[in-house]
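To start, the structure itself, in structure tokens.
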2 protein chains.
Amino acid sequence: MTENTPHDRGRQTPDPQRRSARAERAILDAASELIVEVGFARMTMEGIASRARVGKQTIYRWWPSKSAVVLDVFNHLTGEQTGEALPDTGDLAADLRTVLRATVDEFNDPTMDRIARAFTAEIQRDTELSQRISGLLVEPGSEVYKQRLRSAIDAGEVRADADLELAVELLTGPFLKRWLMRTAPLTHAYTDDLVDMVMRSLRP
Amino acid sequence: MTENTPHDRGRQTPDPQRRSARAERAILDAASELIVEVGFARMTMEGIASRARVGKQTIYRWWPSKSAVVLDVFNHLTGEQTGEALPDTGDLAADLRTVLRATVDEFNDPTMDRIARAFTAEIQRDTELSQRISGLLVEPGSEVYKQRLRSAIDAGEVRADADLELAVELLTGPFLKRWLMRTAPLTHAYTDDLVDMVMRSLRP
DNA sequence: TGCGAACGAGACGCGGCGTCTCGATGATGA
DNA sequence: TCATCATCGAGACGCCGCGTCTCGTTCGCA
């Protein structure tokens, strides 16, 4: 997956029926522990294999790369909560504050932070992974915001001609920048201010 | 520089006087070419050395890591233009459009794109590098925007109680997000819309 | 002009990569 | 029930890039 692996050449796919559930769990658990302990860069396939008490081939049989394994770890961590709608209390600003505060908490969790940074790094060198992540996480996430904003337009809280795509980027972009560049800590006060600022540009 | 190099242990610093100018140029040129041709991840110290017709030791004598070399490439590329003030025609929106359009062009240049992505990736795993880049590029860049915004406050174009730090993030964060996630191409039309949106939240 | 540090070149040990070959194991289908 | 055969754990293998370490050689400075 790293730019140009010679992987799926004669790749006859193995039979998913016969896949060992024990091995899969052990691999994902080991990867999850290692990414926190040593970080993505210093985590090795051999390290995962030995901690999981699994042959390396068993990993390579089911995943093409380290980032694919970690992507699966990530999916198992967040699998249930993606696509959930935002709260809709009728007060857009309050609802945005609630959601962004929760996102702040999520990004301040060390496991999440490590995994998210690993992907951010990988995405830069692997366009294919970038598109997978984008379709799997980024766009569904932004759709949820747009849904809430449409409801706010109906309620007259937001002007009807607002560019919702851009509005979502205004809410998430600055957040992302601050986290990425580590220019300042992510706090509830910060996202509250952010919501206030963005609301000014959205009101009728 | 990559998390934990055993580098500066007994490191007696070599004499900068005797440094070969020819070797330095050749190394920076080779690195600059290679980062475009194969990308940061697949670029190796051995590759730089052989293309520059230089011993590996000569690289390691003057730079601690691959990212340090590329940081120098980057500095030599942009060295002259950092810290320049934004244009001030008296029309803030127009000036912001001008600057952001120029930034779009810069990020659409393949060399710049590769190098910037390499740093974005490295920053995620190397906190020290992150702080260096932040102090060297990000904060000076944002200061330039804040300067222009202060001038706009004096001119009555922007409300006096606006949070300028946040305002700059609103202008650069969405831009960064779109570039990072590759969700959509960076165009002049996009940044123009962005400026319009942000201006709404800044006007008195 | 002579000293010595930086130079080009490349050998070295190390560690992780991705592939491969082993028996052993255990689910599936006759 | 039992034979079959894909997947399993384990680890050897060749490869490559790392960072260090010699070698002569070159070239700047006194």
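The model shown is predicted, which means the values in this text are computed figures rather than measured ones. Convention: sequence-line order gives letters A, B, ...; per-chain numbering from 1. What's counted below: heavy atoms across the whole structure, side chains too, no hydrogens, waters or symmetry copies.
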A/R61 atom CZ is separated from C/dC17 atom P, nearest whole Å, by 18 Å

Between CZ of B/R53 and P of D/dT25 the distance, given in whole Å, is 19 Å

From CG of B/D15 across to C1' of D/dC29 the rounded distance in Å is 10 Å

Taken to the nearest whole Å, CD1/A/I48 to P/D/dA10 is 15 Å

Among C/dT19, D/dT7, D/dC18, the one nearest any side-chain atom of A/Y60 is C/dT19

Margin query: Should the side chain of B/K56 and the base of D/dG19 be counted as holding a donor-acceptor pair, with the cut-off at 3.5 Å?
Written below: yes

Checking C/dC7, C/dC17, C/dG4 against the side chain of B/T58 (C-beta onward), the nearest is C/dC7

B/E46 has its side chain closest, among D/dC18, C/dC7, C/dT28, to D/dC18

| Taking the side chain from B/T98 and the backbone from B/A94, do they hold a donor-acceptor pair closer than 3.5 Å? | yes

A/M45 atom CE is separated from D/dG11 atom C1', nearest whole Å, by 16 Å

I'd like to know if the side chain of A/Y145 pairs up with that of A/E165 as donor and acceptor (distance under 3.5 Å, no hydrogens or angles considered).
no

The residue, B/Q17 or A/R19, whose nearest nucleotide of DNA chain D is more 5′ is A/R19

- In terms of heavy-atom contacts, does CZ of B/R53 have more than 12 from other residues, nucleotides or ligands at under 6.0 Å? no

(message) Quick check on D/dC8: is either OP1 or OP2 less than 4.0 Å from any side-chain nitrogen or oxygen of A/W62?
(response) yes

Checking C/dC17, C/dC7, D/dC18 against the side chain of B/A23 (C-beta onward), the nearest is C/dC7

Any donor-acceptor pair, under 3.5 Å, between the side chain of A/R18 and the base of C/dA27, if you only look at N and O atoms? yes

Between CD1 of A/I27 and C1' of D/dG9 the distance, given in whole Å, is 11 Å

Considering only heavy side-chain atoms of A/Q57, the closest of D/dG17, C/dC20, C/dC7 is C/dC20

B/I59 CD1 to C/dA6 P, in whole Å, measures 16 Å

Is any side-chain heavy atom of A/L180 closer than 4.5 Å to one of B/I123?
no

Phosphate oxygens OP1/OP2 of C/dG8: is one of them under 4.0 Å from a side-chain N or O of B/R22? yes

Rounded to whole Å, the CH2-C1' distance (A/W63 to D/dT7) equals 13 Å

**OP:** Apply ring pair (Phe, Tyr, Trp, His ring centres under 6.0 Å) to the pair A/F175 and A/F107, showing each step before the final yes or no.
**Re:** CA-CA 10 Å; A/F175 182 110; A/F107 275 75; 5.4 Å; yes

